[in-house]
Amino acid sequence: MAQVNVSGEPEVSLLAELRYRTTDPYAVCLSLGAPLAPPVDWLFARSLLTEGLHLAVGTGDVRVIPRRRGHPDRVRIVLRSRAQEAAVDVETSVVCAFLLRTLALVPEGEEGVHIDLDRAVADLLEDAE
């Protein structure tokens with residue numbers, strides 16, 4: 001569960017899931033779901049999540065900020081779209097455990113070994129047709 005605050009709305013608890021695939025080793029996915037709606041997925045750099053445990057990082061659609069005051073046991077992930085901004089607070093221990101599992105699968109610095117360049121080029125060429 002994550003606490004989600006959208007500008008001008010009351011804070012709500014939503015189901016949240018962090019996912020990682022070795023076929024996309026540089027990225028993580030944050031999936032947020034409401035009980036009666038399909039989940040919304042945000043894909044962003046694993047390094048952003050890692051660095052965000054210690055300092056505020058990110059300048060685009062996703063920022064990660066360690067919470068120090070009020071909720072030192074949480075990390076805030078700020079998601080921006082053209083229309084809105086949402087602040088998602090996740091327990092730091094959950095994020096740390098998730099990152100440790102991803103690093104056990106693909107250690108930092110070894111991501112390139114897990115990318116199938118031939119497949120990526122084939123996909124690009126297929127999209128160009």
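Note that CD of Glu111 is 8.0 Å distant from OG of Ser47, once rounded to the nearest 0.5 Å. Separating the NE2 atom in His114 from the CG atom in Asp24 is a distance of 12.5 Å, to the nearest 0.5 Å. For the atom pair CG (Leu43) and CG (Leu30), the distance works out to 10.5 Å, reported to the nearest 0.5 Å. Rounded to the nearest 0.5 angstrom, Phe98 CZ and Glu91 CD are separated by 15.5 Å. Taken from CZ in Arg101 to OH in Tyr20, the straight-line distance is 12.5 Å, to the nearest 0.5 Å. In this structure, Leu48 CG and Leu53 CG are separated by 10.0 Å, a value rounded to the nearest 0.5 Å.
Looking at Met1 and Leu15, their side chains come closer than 4.5 Å, going by heavy atoms from C-beta outward. A heavy-atom distance below 4.5 Å is not found between the side chains of Asn5 and Glu9.
Linking Ile, Leu, Val, Met, Phe, Trp and Tyr whenever their side-chain heavy atoms come within less than 4.5 Å puts Phe44 and Leu105 in one cluster. Hydrophobic clustering keeps Val78 apart from Val75 (ILVMFWY residues linked when any side-chain heavy atoms are closer than 4.5 Å, directly or through intermediates). Residues Leu100 and Tyr26 do not share a hydrophobic cluster, defined by chaining ILVMFWY side chains whose heavy atoms lie under 4.5 Å apart. Using a 4.5 Å cut-off between side-chain heavy atoms of Ile, Leu, Val, Met, Phe, Trp and Tyr, with links allowed through other members, Val95 and Ile65 fall into different hydrophobic clusters. Grouping the Ile, Leu, Val, Met, Phe, Trp and Tyr side chains by contacts below 4.5 angstrom, directly or via other members, places Val40 with Leu18.
For the residue pair Arg46 and Leu99, the shortest heavy atom distance occurs at CG-CD2, 4.0 Å. When all heavy atoms are compared, the tightest approach of Asp41 to Ser31 is OD1-OG, 2.7 Å. Closest approach of Ala56 to Pro66, counting heavy atoms only: N-CD, 3.7 Å.
Under 4.0 Å is where a charged nitrogen must lie from a carboxylate oxygen, and between Arg76 and Asp89 at least one such pair does.
Under the 3.5 Å distance criterion, the side-chain polar atoms of Thr22 are left unmatched by any main-chain donor or acceptor of Pro25. A donor-acceptor pair under 3.5 Å is formed between the side chain of Arg63 and the backbone N or O of Gly58. No donor-acceptor pair under 3.5 Å is formed between the side chain of Arg21 and the backbone N or O of Ala27. Checked by atom type and distance alone, the side chain of Glu110 never pairs as donor or acceptor with a backbone atom of Glu108 at under 3.5 Å.
Shown are Val28, Val62, Val88, Ile77; of these, the side chain to side chain contact (heavy atoms under 4.5 Å, CB included) with Trp42 is made only by Val62.
Judged as a side chain to side chain contact (heavy atoms under 4.5 Å, CB included), and not counting sequence neighbours, the contacts of Leu14 are Val4, Val12, Ala34.
Under 3.5 Å, the side chains of Asp73 and Thr92 contain no donor-acceptor pair of N or O atoms. Ser13 and Gln3 are linked by a side-chain donor-acceptor pair at a separation below 3.5 angstrom, with hydrogens and angles left out of the test.
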